[in-house]
Trainee: 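If you scroll down you'll find the structure; I have some questions about it.
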Amino acid sequence: QVQLVESGGGLVQPGGSLRLSCTTSGFTFSAYAMKWYRQAPGKEREFVAFSGIGGFAEYADSVKGRFAISRDDSQNTVYLQMNSLKQEDTAVYYCNARRRLVGVYDNDYWGQGTQVTVSS
């Protein structure tokens, strides 16, 4: 059974930091691209960060310089270090694993989300 379980969310003041974790099982983690998405109330789910095979990373403009994605293939876990948090970072954060060959297969797995609230 494929599972992705996020943890580490919570309430933090503006300027503070959190580290989210997504622990996975049931698939070959090292072969999958890993992403973080978030969804704020009343808004569509948006891309936050990407980590490809080998750890290549890219970020949404809104979080560049503040967030860092990393992965530990030995533990089947991806992290999102969030620094200098802003109120607009408040959202449910979702972990995503995807391995795709267009027209052949598309394995797309999601976690249940973890709430991050940035408030004074």
Side-chain angles (χ1 to χ4, degrees):
Q1 296 288 329
V2 171
Q3 289 191 320
L4 289 74
V5 180
E6 299 96 335
S7 62
L11 176 65
V12 64
Q13 294 184 353
S17 297
L18 285 173
R19 189 176 77 155
L20 306 183
S21 299
C22 174
T23 300
T24 73
S25 60
F27 64 98
T28 305
F29 179 88
S30 61
Y32 279 70
M34 299 298 300
K35 297 177 182 177
W36 288 95
Y37 289 79
R38 67 187 183 187
Q39 188 167 21
K43 295 186 176 181
E44 295 184 346
R45 188 170 297 187
E46 66 172 341
F47 165 79
V48 176
F50 164 90
S51 180
I53 298 170
F56 174 80
E58 62 181 38
Y59 303 90
D61 288 342
S62 59
V63 307
K64 284 181 179 176
R66 300 189 298 118
F67 290 11
I69 189 170
S70 61
R71 62 193 295 158
D72 185 346
D73 287 352
S74 71
Q75 297 294 322
N76 299 329
T77 300
V78 62
Y79 304 94
L80 185 68
Q81 178 67 46
M82 305 185 296
N83 300 320
S84 301
L85 283 162
K86 306 173 181 179
Q87 289 183 353
E88 48 263 47
D89 296 319
T90 295
V92 177
Y93 283 72
Y94 296 92
C95 177
N96 169 250
R98 194 169 192 177
R99 179 176 169 86
R100 174 173 57 175
L101 181 60
V102 175
V104 180
Y105 63 82
D106 186 3
N107 297 325
D108 192 14
Y109 307 130
W110 292 86
Q112 81 293 333
T114 186
Q115 176 71 49
V116 172
T117 302
V118 184
S119 177
S120 60

Trainee: Which residues, ordered by chain and number, are linked to Leu101 in its hydrophobic cluster, where ILVMFWY side chains connect at heavy-atom gaps below 4.5 Å, directly or through other members?
Mentor: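 Via sub-4.5 Å side-chain contacts, Leu101 links to Val104, Tyr105.
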Trainee: As a quick check of understanding, evaluate side-chain contact (heavy atoms from CB on, under 4.5 Å) for Arg66 and Asp89, giving each step before the final call.
Mentor: CA-CA 11 Å; Arg66 300 189 298 118; Asp89 296 319; 2.8 Å; yes
Trainee: Applying the side-chain contact (heavy atoms from CB on, under 4.5 Å) test to Leu85, which of Thr117, Val63, Leu18 qualifies?
Mentor: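 The side-chain contact (heavy atoms from CB on, under 4.5 Å) with Leu85 is passed solely by Leu18 among Thr117, Val63, Leu18.
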Trainee: For the CD atom of Gln39 and the CD atom of Glu44, what is their distance to the nearest 0.5 Å?
Mentor: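 The CD atom of Glu44 is 8.5 Å from CD of Gln39, to the nearest 0.5 Å.
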Trainee: Does Arg99 make a cation-pi contact with Phe27, if we ask for NZ or CZ under 6.0 Å from the ring centre and within 45° of the axis?
Mentor: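 Not satisfied by the 6.0 Å and 45° rule.
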Trainee: To the nearest 0.5 Å, what is the distance between CG (Asp72) and OG (Ser30)?
Mentor: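 Asp72 CG to Ser30 OG: 11.5 Å, rounded to 0.5 Å.
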Trainee: Looking at CG of Asp73 and CE of Met34, how far apart are the two atoms once the value is rounded to the nearest 0.5 Å?
Mentor: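 It comes to 9.5 Å.
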Trainee: Give me the ring orientation class for Phe56 and Phe50: parallel if the planes are under 30° apart, tilted from 30 to 60°, perpendicular past 60°.
Mentor: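 It falls in the perpendicular class, over 60°.
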Trainee: Any donor-acceptor pair under 3.5 Å linking the side chain of Tyr79 with the backbone of Ala68?
Mentor: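 Looks like no, no N/O pair under 3.5 Å.
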Trainee: So how far is it from Thr24 OG1 to Gln75 CD, rounded to the nearest 0.5 Å?
Mentor: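 The CD atom of Gln75 is 10.5 Å from OG1 of Thr24, to the nearest 0.5 Å.
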Trainee: Can you measure from CD1 (Ile69) to CD (Gln81) and round to the nearest 0.5 angstrom?
Mentor: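 So the CD1 of Ile69 and the CD of Gln81 are separated by 12.0 Å.
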Trainee: Is the Tyr93 ring parallel, tilted or perpendicular to the Phe67 ring (thresholds 30°, 60°)?
Mentor: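 The arrangement is tilted - the two ring planes meet at 30° to 60°.
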Trainee: Looking at Ser51 and Ser70, would you say the former's side chain and the latter's main chain have a donor-acceptor pair under 3.5 Å?
Mentor: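 No.
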Trainee: Using atom types as modelled and distance alone, determine if a side-chain donor or acceptor of Glu6 lies under 3.5 Å from a backbone N or O of Gly113.
Mentor: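 Between the backbone of Gly113 and the side chain of Glu6 there is a qualifying donor-acceptor contact (under 3.5 Å).
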Trainee: If we check side-chain contact (heavy atoms from CB on, under 4.5 Å) with Leu80, which of these qualifies: Val116, Leu20, Thr114?
Mentor: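 Of Val116, Leu20, Thr114, side-chain contact (heavy atoms from CB on, under 4.5 Å) with Leu80 is met by Leu20 alone.
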Trainee: For the backbone of Lys35 and the side chain of Arg98, can you confirm whether one donor and one acceptor N or O come within less than 3.5 Å of each other?
Mentor: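 No, the answer is negative, given that no donor and acceptor are paired below the 3.5 Å cut-off.
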Trainee: Answer yes if the side chains of Asn107 and Tyr32 hold a donor-acceptor pair under 3.5 Å, and no otherwise.
Mentor: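 Yes, because at least one side-chain N or O of Asn107 sits under 3.5 Å from a partner of the opposite role on Tyr32.
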Trainee: Which heavy atom of Ala91 sits nearest to which heavy atom of Ala40, and what is that distance?
Mentor: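 So the minimum-distance heavy-atom pair works out to CB-N, 3.8 Å.
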